[in-house]
Number of protein chains: 2
Amino acid sequence: MRVRIKDIAERAGVSTGTVDRVIHNRGNVAPRVKEHVEKVMIEMGYKRNIIASTLAYNKVHRIAALIFEQNDPYWHQLYQGIERAQEATQHYGVTIDAFFGDQSDPEIFAQLAREILDSRPDGVLVAPLFLKQGIDFIQQCHKRSIPVAIINTQVPKSKALCYIGQDSYQSGVIAARLLNFGMKRKATVLLLNLDPGPANAQHLVDKERGFRSYFTTIEGKCINVISENFEHFNDRKALNQRFLEILEEHPDLTGVFVTNSRAYKLLDAVEQKYFENLVIVGFDLVSPNIHNLKSNKINFLINQNPSLQGYLGVINLVNHLILRQEVSPIQYLPLDIVVRENCDYYTRSSVSFPSVVF
Amino acid sequence: MRVRIKDIAERAGVSTGTVDRVIHNRGNVAPRVKEHVEKVMIEMGYKRNIIASTLAYNKVHRIAALIFEQNDPYWHQLYQGIERAQEATQHYGVTIDAFFGDQSDPEIFAQLAREILDSRPDGVLVAPLFLKQGIDFIQQCHKRSIPVAIINTQVPKSKALCYIGQDSYQSGVIAARLLNFGMKRKATVLLLNLDPGPANAQHLVDKERGFRSYFTTIEGKCINVISENFEHFNDRKALNQRFLEILEEHPDLTGVFVTNSRAYKLLDAVEQKYFENLVIVGFDLVSPNIHNLKSNKINFLINQNPSLQGYLGVINLVNHLILRQEVSPIQYLPLDIVVRENCDYYTRSSVSFPSVVF
DNA sequence: TTGTCGAATGTGTGCGCACACAAAATGAAA
DNA sequence: TTTCATTTTGTGTGCGCACACATTCGACAA
């Protein structure tokens, strides 16, 4: 049988109230008594019964999540992870409010951040897509002693509780390694940002650094890395035109690395025949990408596991807030290499989320 | 606020005792009353408060785990996962007894199985390495209404609660795909079982089937697949000799697929120079393998994630026993492709096991 | 009508803990 | 010494549920 407060109290010759005060550091305990009780607790190996504790607290913990539009498949997956965590933690009195920003509008992000701060949540989960506004928000939370779990985009030197996501630099390295597999001695590879641009998005910069660095280390090959930012990724005509220009400029192009989940946009915009000799590496198991992976148009996808990011973000907040556990500040998720043959096992959600807390 | 039994009772005009009887199907409730209470429960969206329920049950759930020697790195990792699950679920009154078998002795397995049955556990976790003895054990548990979670080795048509592990067939396919990357038009590949043999181990058979099937589907290549069982994998001299024989026989050998976690045994036994033009694919992130991966001697490892198997096995039993959740009968873990560049992210255990149940 | 027996229903207690409140001890001032 | 404020310690209640036990009801026979 586990040791209870009552057992400690008996052995120490005090009441349960006193033991309670010692455990919670409520003060008003004679120093000598406190010391003694602490000794007995260690001796008997007391561990708080989280079940009973949670029940007695009878408190609601509100977590606010600042993420992005649900109609983007990537963010939708992330939100699903959060919902799963919500289910898993509801018994502990956790409620989650999600706020959905706009990927192309930092101002909306800042506005939502203000709303969240006004609502005084117990914990915050944030994807700080915009570096400046993100840092500011995290700072404000820190000032109010609200723990913050960061996902998706790592913010250096932040005062957050933890970061959960990938090592962007290394994901660039992996992408390079994958492109390198079938590559000739001399070739050109394209790094393509289908994104508003790396100006305010550090992870794109990191990916490029990792990508380029890999090609400088390999021996016996001479790879020319070119990079391109293409902001209006929904304009298929323009994207098609630009890509054909690049192809013409670089007839030895053998690989394309799309730095986010939008590889499918490229494949949608440009005629199939141009890809026949190209290796394509992209990110994320969103359905249009999976479709292209299965029909051999995309060769590799790197899984960022957004749903796990959302799930673990919440779980870590709960671990901190309720279970009062140590939370490790940087939790890099694996860089899953996904090909046609192992794709299905990553998309089944039944496994990745254990239905159990602690 | 969540709906409580008390709320249901009030609204239905009965006592909490009656509601309790309805919830637990204890009988002795007038049919009309039962129906009414059920209706009110649905109306108000009642959900059992697992925290309070667990506390009130005040029951110890004993889980027995039948696994294998701890001094093998693979099984050691699996045991670590079980220990982690033990920590995570101790608050729910779960205790775990581990029984360690011998990989080369089915009789010990059977003996331990008997011991476990005698101890009348509430749930069983088993790695049925030996098909016959495994099926028998699962059968016996079923007869005694003890739920069984199977890990590591899938047992077809078993009456177990669930299987958690890899799809062996598909892992063979992936291995073939990985060997195929750098492969010439015409070549020989070796499938090597460093194991007592596939006689009683279905997963080895499945892996070979998957492996061979891949090479029959690819076009434009002519790959010769040879397979070899080598039981005395600890006899370095013999292993070296046999491997050199194979090399001599097949000068066009370009790839080796070691079907379990013992790829490092081959590299230990044979001189390095013979591997220079060989692609090696193995299983599992055990430290001698990782070492060889980092020094580029092993090219790919497929991660079977034994620790996650152990962890999820326990978690699923808990989900079934305590949380009374539906458990999906087949839970294939991803076939992680591990190379030098993403290896580290798989070996960090901080992430894969969320510290939270439900 | 009363008594009986089984079914139906209600009540009370404890699980281990958090916290409010009551009680006792201490110590300083009168 | 008494008084009173302050610190220290003890007690009781509730969190939501499971379950044992107490009570009431209803049908039927005597």
Side-chain angles (χ1 to χ4, degrees), chain A residues 1-38 40-41 44-61 89-94 122 321-324 358, chain B residues 1-38 40-41 44-61 89-94 122 321-324 358:
Chain A
M1 187 50 82
R2 295 272 309 269
V3 178
R4 301 160 300 173
I5 284 187
K6 208 177 154 188
D7 302 319
I8 303 291
E10 261 171 38
R11 180 89 89 88
V14 296
S15 72
T16 59
T18 301
V19 176
D20 178 76
R21 274 181 285 271
V22 172
I23 290 173
H24 294 88
N25 256 309
R26 295 192 215 280
N28 288 334
V29 179
R32 273 182 39 238
V33 174
K34 180 177 177 188
E35 218 172 279
H36 182 223
V37 169
E38 276 166 347
V40 173
M41 287 206 304
M44 302 184 73
Y46 174 76
K47 277 185 184 173
R48 194 167 58 110
N49 181 327
I50 309 216
I51 298 295
S53 174
T54 305
L55 186 64
Y57 264 126
N58 198 28
K59 199 193 161 210
V60 172
H61 297 267
T89 58
Q90 60 180 340
H91 302 287
Y92 294 90
V94 175
D122 299 298
L321 284 170
I322 302 181
L323 313 185
R324 296 183 212 154
F358 294 75
Chain B
M1 188 50 80
R2 297 272 308 269
V3 178
R4 300 159 301 173
I5 285 186
K6 209 178 154 187
D7 302 319
I8 303 291
E10 262 172 39
R11 180 90 89 88
V14 297
S15 72
T16 59
T18 301
V19 176
D20 178 76
R21 273 182 285 271
V22 172
I23 290 174
H24 294 88
N25 255 310
R26 296 193 216 279
N28 288 334
V29 179
R32 273 183 38 239
V33 174
K34 180 177 177 188
E35 219 171 278
H36 182 223
V37 169
E38 275 167 348
V40 172
M41 287 207 303
M44 301 183 74
Y46 174 76
K47 278 186 182 172
R48 195 168 58 109
N49 181 327
I50 308 209
I51 298 294
S53 174
T54 306
L55 187 64
Y57 264 127
N58 197 28
K59 199 191 161 212
V60 172
H61 297 266
T89 58
Q90 60 180 341
H91 303 288
Y92 293 89
V94 175
D122 299 298
L321 284 171
I322 303 181
L323 312 185
R324 295 183 213 155
F358 294 74

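In what follows, chains carry the letters A, B, and so on, assigned in the order in which the sequence lines appear, proteins first and then strands, with residues in each chain numbered from 1.
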Report summary line: Value for OH (A/Y92) from CD1 (A/I51), rounded to nearest 0.5 Å, stands at 4.5 Å
Query raised in the report: Counting just side-chain N and O atoms, does B/S53 come under 4.0 Å of either OP1 or OP2 of D/dG16?
Result: no
Query - Difference in axis direction between the ends of the helix from C/dT1-D/dA30 to C/dA30-D/dT1, five pairs, 10° - result: 80°
Requested in this report: Calculate the interatomic distance between B/I5 atom CD1 and D/dC15 atom C1'; express it in whole Å.
Outcome: 13 Å
Query raised in the report: A/T54 side chain to A/I50 main-chain N or O, any donor-acceptor pair under 3.5 Å?
Result: yes
Report task. Remember a base hit wins even if backbone is also touched, and classify B/N49 as base, sugar-phosphate or nothing at under 4.0 Å, heavy atoms. Result -> sugar-phosphate
Quick one: which protein N/O atoms are closer than 3.5 Å to N/O atoms of nucleotides 22-27 of chain C? Pair and distance per line, please.
none

Query raised in the report: Mapping B/A52 and B/R26 onto DNA chain D by nearest heavy atom, which one lands closer to the 5' end?
Result: B/A52
Query raised in the report: How would you list, by chain and number, every residue that makes a salt bridge (charged side-chain N to carboxylate O under 4.0 Å, His left out) with B/R48, sequence neighbours excluded?
Result: none
**Report entry** Spatial distance of atom CE (A/M41) from atom CG (A/D7) [nearest 0.5 Å]
**Finding:** 13.0 Å
Report task. Provide the closest heavy-atom pair for B/M44 versus B/I8 in the form atom of the first, atom of the second, distance. Result -> SD-CD1, 3.9 Å
Report summary line: Nucleotide by nucleotide, nucleotides 4-11 of chain D touches protein heavy atoms under 4.0 Å in the pattern (B base, S sugar-phosphate only, - none) ----BBBB
Query raised in the report: How close or far is atom P of C/dC15 from atom CG of A/D7, stated in whole angstroms?
Result: 11 Å
**Report entry** Sequence-distant partners of B/A12, side-chain contact (heavy atoms from CB on, under 4.5 Å), two or more places apart
**Finding:** B/V14, B/H36, B/V37, B/V40
Requested in this report: Please list, chain by chain and in numerical order, all residues satisfying side-chain contact (heavy atoms from CB on, under 4.5 Å) with B/Q90, sequence neighbours excluded.
Outcome: A/R2, A/K47
Would you mind writing out the side-chain donor-acceptor pairs for residues 17-25 of chain A within the sub-3.5 Å range, not counting sequence neighbours?
residue: A/D20; atom: OD1; partner: A/H24; partner atom: ND1; Å: 3.3
residue: A/D20; atom: OD2; partner: A/R26; partner atom: NE; Å: 3.1
residue: A/D20; atom: OD2; partner: A/R26; partner atom: NH2; Å: 3.0
residue: A/H24; atom: ND1; partner: A/D20; partner atom: O; Å: 3.1
residue: A/H24; atom: ND1; partner: A/R26; partner atom: NH2; Å: 3.4
residue: A/N25; atom: OD1; partner: A/K34; partner atom: NZ; Å: 3.2

Report task. Mind calculating the distance between CD (B/E10) and P (D/dC17) to the nearest angstrom? Result -> 13 Å
Query raised in the report: Are any of B/Y46's side-chain N or O atoms less than 4.0 Å away from OP1 or OP2 of D/dG16?
Result: no
**Report entry** For B/D122, all residues meeting side-chain contact (heavy atoms from CB on, under 4.5 Å), sequence neighbours excluded
**Finding:** B/K59, B/H61, B/R62, B/L321
Report summary line: Taken to the nearest whole Å, NE2/B/H24 to P/D/dC17 is 10 Å
Report task. Mind calculating the distance between NZ (B/K47) and P (D/dC17) to the nearest angstrom? Result -> 13 Å
Query raised in the report: Rounded to the nearest Å, what distance is computed from the CG atom of residue A/N58 to the P atom of nucleotide C/dG16?
Result: 19 Å
Report task. Would you mind reading off the distance between A/R4 atom CZ and C/dG16 atom P, rounded to a whole angstrom? Result -> 5 Å
Report task. Using whole Å, report how far CG of B/D20 lies from P of C/dT11. Result -> 14 Å
Report task. Report which part of the nucleic acid B/L55 touches: base, sugar-phosphate, or nothing (heavy-atom distance under 4.0 Å, all strands). Result -> base
Report summary line: With the side chain defined as heavy atoms from C-beta on, B/A56 is closest, among D/dA18, C/dG16, C/dC17, to D/dA18
